[in-house]
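Remarks on the structure that follows.
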Amino acid sequence: MLAHAHTPSSISAWPLLMVAIAFALLLGIDLMPAQSDEAQAADPVKIVPPNPPILNQAKHLIEKGDPESAATSLRRFLTTTPPPEYLDDTYLLLGAALYGMKDYGEALRYLNQLQAEFPESDLLDRGKLLSARIHAAMGNIDLALPLLAQVRTTAPDDATKREAQQLTAEAWAQKKDYVRAIHTLLEGIGGSSDAQMTEAREQIRQFITERLDKKGLIRVRDAYPRSYPGDLASLQLIDYYIGRGEDHLAERETRHFLTAFPAHPSIPKASESLELIKSRLKANQYFIAAVLPLSGHLSAFANDVLEGIQLAVERTREEPGIPSIGLIVKDHDADRQGFLDDLSALLNDDRPLVVIGPMLSKNLPVMAEMAQKTRVPLITPTATLPNVRRLGNYLFSTSMTYAMQAERIATYATKEQGYRRFCILHPDTVYGRELARLFAQEVRRLDGEIISIEMFKEGETDFGPQIQRLKAEDLKKYGLAVPVDAPRQPGKPPGRNGKRVLYTPGFDAIFIPSRSHEVGLLAAQLAFHDIKAPLLGTNGWNSQDFARTADRTVDGATFVDGFFVDSPNPAVQEFVQRYHKRFQSTPSLFTMQGYDAARVVIEGIRHGATSGEALQDFLMTQRNLPTLAGPAGFGPDGTLHRSLFLLQVKQGKFVQLD
């Protein structure tokens with residue numbers, strides 16, 4: 001197989017190479033063609049003379065594993081200026097011999113000559129197949145694939161097409177794109193012999209059971225949801241989830257398999273797995289329910305939240321003295337018809353101690369009402385609605401709100417840095433408008449002053465008009481504009497009066513509640529307009545691309561966020577390492593907010609809050625709940641008031657200040 005025979009570790013496996021070369025040659029090069037009487041009658045002009053013995057000898061030498069002698073004979077033959085009708089055979093054989101010698105560059109040169117000098121040769125497809133093998137052996141899979149695609153399209157015989165298809169699958173496997181390898185093998189199954197079909201199916205089985213990761217298995221399952229090999233991928237996913245203790249995913253995948261493949265031979269085993277999962281879940285004393293849109297357009301964010309919850313629940317198994325806690329996961333979109341019936345069934349049948357969800361603020365009222373009726377606390381990990389408690393006293397939030405960000409950055413600027421006067425530049429978005437309003441409100445509460453507020457359209461790149469208006473407002477109050485001598489440019493005459501106006505801002509800092517890509521542009525244009533003042537921002541800045549690619553005009557800029565993956569805080573680092581070990585990726589703010597939501601519930605269970613009413617009372621009264629940012633408590637507004645991370649841009653990196 002190409003995927004194995006041409007990897008650097010196996011190219012040196014000489015017998016395998018010889019088998020591959022001999023196989024290619026035996027299929028495609030008939031050095032002693034014998035035409036039938038019918039063929040001669042049909043085409044009396046095209047009579048091919050027997051090939052010289054030296055070509056047959058070279059072929060036999062290659063098959064015997066002596067490509068060096070074959071190459072020597074063929075090169076000597078070329079010096080005799082053989083007739084043109086023998087050259088295409090010679091080039092192909094010489095390419096095969098050099099391939100066996102691992103002289104890949106020379107092999108390609110002769111094969112390219114074959115294509116250039118004999119574009120109508122019936123050996124052309126064999127030459128392309130051999131070229132593809134050579135490119136694969138050199139690790140140039142992207143050069144091999146187009147050649148194989150040509151052969152699959154133009155080859156006149158099915159055997160050559162099948163070989164090209166097989167090599168294509170192996171090339172995709174060599175690139176570790178096993179999903180495309182499987183698709184290619186499936187395309188070639190039609191019209192294959194029983195033996196060829198069995199071989200292809202065995203390769204597909206190996207890819208699915210030995211090579212594909214979770215994402216690859218899901219891709220195959222989704223591509224073939226009710227047919228082969230979707231069944232194999234689904235079964236492999238069930239085993240994968242059970243092995244990782246992700247019972248909610250194993251249950252969902254098992255239900256899919258039972259529905260999609262009702263007559264499958266593995267139905268008894270799948271049904272047994274489902275019962276095992278159910279019994280394992282019921283063995284827990286208490287339950288946390290996660291109600292999240294895991295498969296909708298918010299799925300990426302919802303799965304981040306879920307993984308944080310999982311990590312917190314799994315951690316309890318390592319901590320002595322905590323009752324067993326199970327996690328019930330429901331993939332529910334709160335906007336879907338019938339959602340309330342499903343939520344009611346969950347609350348009444350499964351009786352969870354708490355529900356973590358939803359994602360969006362607009363879904364809070366209806367879920368809060370049901371939580372109030374059933375006296376089951378509801379904790380939203382991401383909705384930024386302020387004062388969630390007005391919807392019911394069973395509603396809590398671990399989300400970082402706009403008000404929390406505005407309060408922290410304003411406190412830092414006024415109390416820690418002593419700034420008193422501010423300007424605001426913000427995008428015309430809900431995010432920008434609300435944060436600008438809250439920051440201005442907080443500054444005034446702290447006896448500061450807002451000089452000017454300017455707004456720009458999202459996606460705008462020229463902020464000159466807004467900056468000019470900001471300067472004009474500042475000059476009316478505290479800014480200074482002083483004429484100074486302009487430096488004379490070498491080789492240029494002096495200006496009309498040789499003066500320029502030097503602007504000195506009368507404000508202390510500029511607040512920019514925007515996204516990172518806009519901040520970089522704004523910082524450069526502010527510097528161009530002589531505005532050199534500290535920049536303050538919010539969590540929209542937290543992008544490593546921003547820190548790396550923005551110029552030095554953002555150096556020293558400061559912003560806040562609810563999570564900083566590189567924080568030196570030992571609790572954060574332990575969380576990041578644990579998460580990476582468990583999920584092989586980096587946690588996000590949503591992951592942390594889901595984690596904190598589950599952790600405060602677990603803390604309540606640890607302290608004996610074993611009913612919805614008791615847990616609600618615990619969450620409302622405790623002020624030292626464990627969070628990644630340190631002890632915290634829910635305020636009268638229902639929001640978890642924890643410390644935010646204060647971050648600064650320093651030499652292309654984010655550095656934590658507090």
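No experiment lies behind these values; they were computed from the predicted model shown. What you see below is based on every heavy atom in this structure, not just the backbone, and it leaves out hydrogens, waters and symmetry mates.
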Problem - Neighbour count >12 (heavy atoms, 6.0 Å) for atom CZ, R205 - result: yes
Exercise for the section: Would you sort out whether E314 and R578 count as a salt bridge (charged side-chain N to carboxylate O under 4.0 Å, His left out), showing the intermediate values? Expected result: CA-CA 11 Å; E314 290 169 5; R578 182 182 289 264; over 6 Å; no
Handout entry: CD1-OG1 distance between I288 and T316, expressed to the nearest 0.5 angstrom
Key = 8.0 Å
Problem - For M359 against P293, the heavy-atom pair lying closest together - result: CG-CD, 3.5 Å
Handout entry: Short N-O contact, R515 and E458, less than 4.0 angstrom
Key = no
Handout entry: Residues that Y241 engages under ring-ring contact (aromatic ring centres under 6.0 Å, His included), provided they are two or more places apart
Key = none
Exercise for the section: Check whether any side-chain heavy atom of S397 lies under 4.5 Å from a side-chain heavy atom of V388, and answer yes or no. Expected result: yes
Practice task
Just do the side chain to side chain contact (heavy atoms under 4.5 Å, CB included) check on L646 and Q648 with the steps written out, would you?
Solution key: CA-CA 7 Å; L646 194 64; Q648 192 169 78; over 6 Å; no
Problem - Side-chain donor/acceptor of R390 to backbone N/O of N387, under 3.5 Å - result: yes
Handout entry: Flag, side chain of Q593 to backbone of P381, donor-acceptor distance under 3.5 Å
Key = yes
Problem - Side-chain donor/acceptor of S399 to backbone N/O of T382, under 3.5 Å - result: yes
Problem - Results of ring-ring contact (aromatic ring centres under 6.0 Å, His included) for F618 - residues two or more places apart only - result: H607
Exercise for the section: For side chain to side chain contact (heavy atoms under 4.5 Å, CB included), just list the numbers for I182 and L212, CA-CA rounded to whole Å, side-chain angles, deciding distance to a tenth of an Å, and then say yes or no. Expected result: CA-CA 11 Å; I182 289 170; L212 286 182; 4.0 Å; yes
Problem - Side-chain heavy atoms of Y595 within contact of V305, under 4.5 Å - result: no
Problem - Polar side-chain atom of S324 near backbone of Q285 as donor-acceptor pair, under 3.5 Å - result: yes
Problem - Side-chain donor/acceptor of S361 to backbone N/O of L385, under 3.5 Å - result: yes
Pairs under 3.5 angstrom only: tabulate donor-acceptor contacts from the side chains of residues 402-409 to other protein residues two or more places apart or in another chain.
{"unit_1": "Q405", "atom_1": "OE1", "unit_2": "N539", "atom_2": "N", "d": "2.9"}
{"unit_1": "Q405", "atom_1": "NE2", "unit_2": "N539", "atom_2": "OD1", "d": "3.2"}
{"unit_1": "R408", "atom_1": "NH1", "unit_2": "E416", "atom_2": "OE2", "d": "3.1"}
{"unit_1": "R408", "atom_1": "NH2", "unit_2": "E416", "atom_2": "OE2", "d": "3.4"}

Handout entry: K457 side, atom NZ; T429 side, atom OG1 - distance, nearest 0.5 Å
Key = 10.5 Å
Practice task
Answer whether the closest heavy-atom distance between the side chains of P323 and Y286 falls below 4.5 Å.
Solution key: yes
Listed pairs under 3.5 Å, donor-acceptor, residues 626-638 side chains, sequence neighbours left out:
{"unit_1": "T627", "atom_1": "OG1", "unit_2": "A629", "atom_2": "N", "d": "3.3"}
{"unit_1": "T627", "atom_1": "OG1", "unit_2": "G630", "atom_2": "N", "d": "3.3"}
{"unit_1": "T627", "atom_1": "OG1", "unit_2": "G630", "atom_2": "O", "d": "2.5"}
{"unit_1": "D637", "atom_1": "OD1", "unit_2": "T639", "atom_2": "N", "d": "3.1"}
{"unit_1": "D637", "atom_1": "OD1", "unit_2": "H641", "atom_2": "NE2", "d": "3.1"}
{"unit_1": "D637", "atom_1": "OD2", "unit_2": "H641", "atom_2": "NE2", "d": "3.4"}

Problem - Non-neighbouring partners of E319 that pass salt bridge (Lys or Arg N to Asp or Glu O under 4.0 Å), sequence neighbours left out - result: R315, R599, R606
Problem - Student check: side-chain heavy atoms of F645 and V572 closer than 4.5 Å - result: yes
Exercise for the section: Inspect the surroundings of CD in E272 and state if more than 12 heavy atoms from other residues, nucleotides or ligands are less than 6.0 Å away. Expected result: no
Handout entry: Donor + acceptor pair across side chains of S567, Q656 (<3.5 Å)
Key = yes
Practice task
Only counting residues at least two apart or in another chain, list the ones meeting side chain to side chain donor-acceptor pair (under 3.5 Å) with D331.
Solution key: R252, S295
Practice task
Check the side chains of Y431 and S514 for a donor-acceptor pair under 3.5 angstrom, ignoring hydrogens and angles.
Solution key: no
Practice task
Indicate, with yes or no, if the rings of F590 and F563 have centres closer together than 6.0 Å.
Solution key: no
Problem - L292 side chain near P358 side chain, heavy-atom distance below 4.5 Å - result: no
Problem - Short side-chain to backbone donor-acceptor contact, S344 and L340, under 3.5 Å - result: no
Practice task
Find the distance between CZ (R351) and CG (L346) and round it off to the nearest 0.5 Å.
Solution key: 10.0 Å
Practice task
Consider only side-chain N and O atoms of E170 and Q174, and report whether a donor and an acceptor are under 3.5 Å apart.
Solution key: no
Handout entry: pair N542-S516: side-chain heavy atoms closer than 4.5 Å
Key = no
Exercise for the section: Dump the intermediate steps for salt bridge (charged side-chain N to carboxylate O under 4.0 Å, His left out) on D596 and R642, then the final yes or no. Expected result: CA-CA 10 Å; D596 276 354; R642 58 175 175 264; 3.8 Å; yes
Practice task
Using a strict cut-off of less than 4.0 Å between a Lys/Arg side-chain nitrogen and an Asp/Glu carboxylate oxygen, indicate whether E251 and K278 qualify as a salt bridge.
Solution key: no
Problem - Whether Q573 side chain and V565 backbone form a donor-acceptor pair below 3.5 Å - result: yes
Problem - Nearest-0.5 Å distance, CD1 of residue I189 to CE of residue M197 - result: 6.0 Å
Exercise for the section: Give the ring-plane orientation class for F257 versus F261, where under 30° counts as parallel, over 60° as perpendicular and anything between as tilted. Expected result: tilted
Problem - Check: D231 main-chain N/O paired with S234 side-chain donor or acceptor under 3.5 Å - result: no
Practice task
Quick one: do E187 and Q165 satisfy side chain to side chain contact (heavy atoms under 4.5 Å, CB included)? Show the steps, please.
Solution key: CA-CA 8 Å; E187 289 172 3; Q165 200 129 23; 3.1 Å; yes
Exercise for the section: Could you go through the salt bridge (charged side-chain N to carboxylate O under 4.0 Å, His left out) check for R221 and E253 one step at a time? Expected result: CA-CA 10 Å; R221 191 270 319 274; E253 191 62 40; 2.3 Å; yes
Problem - Test item: W541 side-chain N/O and I512 main-chain N/O as donor-acceptor pair under 3.5 Å - result: yes
Handout entry: S585 side chain near Y579 side chain, heavy-atom distance below 4.5 Å
Key = yes
Exercise for the section: For the pair L657 and Y412, evaluate side chain to side chain contact (heavy atoms under 4.5 Å, CB included) and give the outcome as yes or no after the intermediate values. Expected result: CA-CA 10 Å; L657 295 183; Y412 161 77; 4.0 Å; yes
Handout entry: Distance flag, aromatic centroids of H183 and Y224, threshold under 6.0 Å
Key = yes
Exercise for the section: Check the angle between the aromatic planes of F564 and F654 and answer parallel, tilted or perpendicular using the 30° and 60° thresholds. Expected result: perpendicular
Exercise for the section: Working to the nearest 0.5 Å, report the span between NZ of K373 and CZ of R375. Expected result: 13.5 Å
Handout entry: Spacing of L589 atom CG and M400 atom CE [to the nearest 0.5 Å]
Key = 5.0 Å
Practice task
Check whether any side-chain heavy atom of L615 lies under 4.5 Å from a side-chain heavy atom of I605, and answer yes or no.
Solution key: no
Handout entry: Salt bridge flag under 4.0 Å for residues R437 and E434
Key = yes
Problem - Sidechain-backbone polar pair: S266 side chain, K269 backbone, donor-acceptor under 3.5 Å - result: no
Handout entry: Ring-face cation contact, Y394 with R389, 6.0 Å cut, 45° max
Key = no
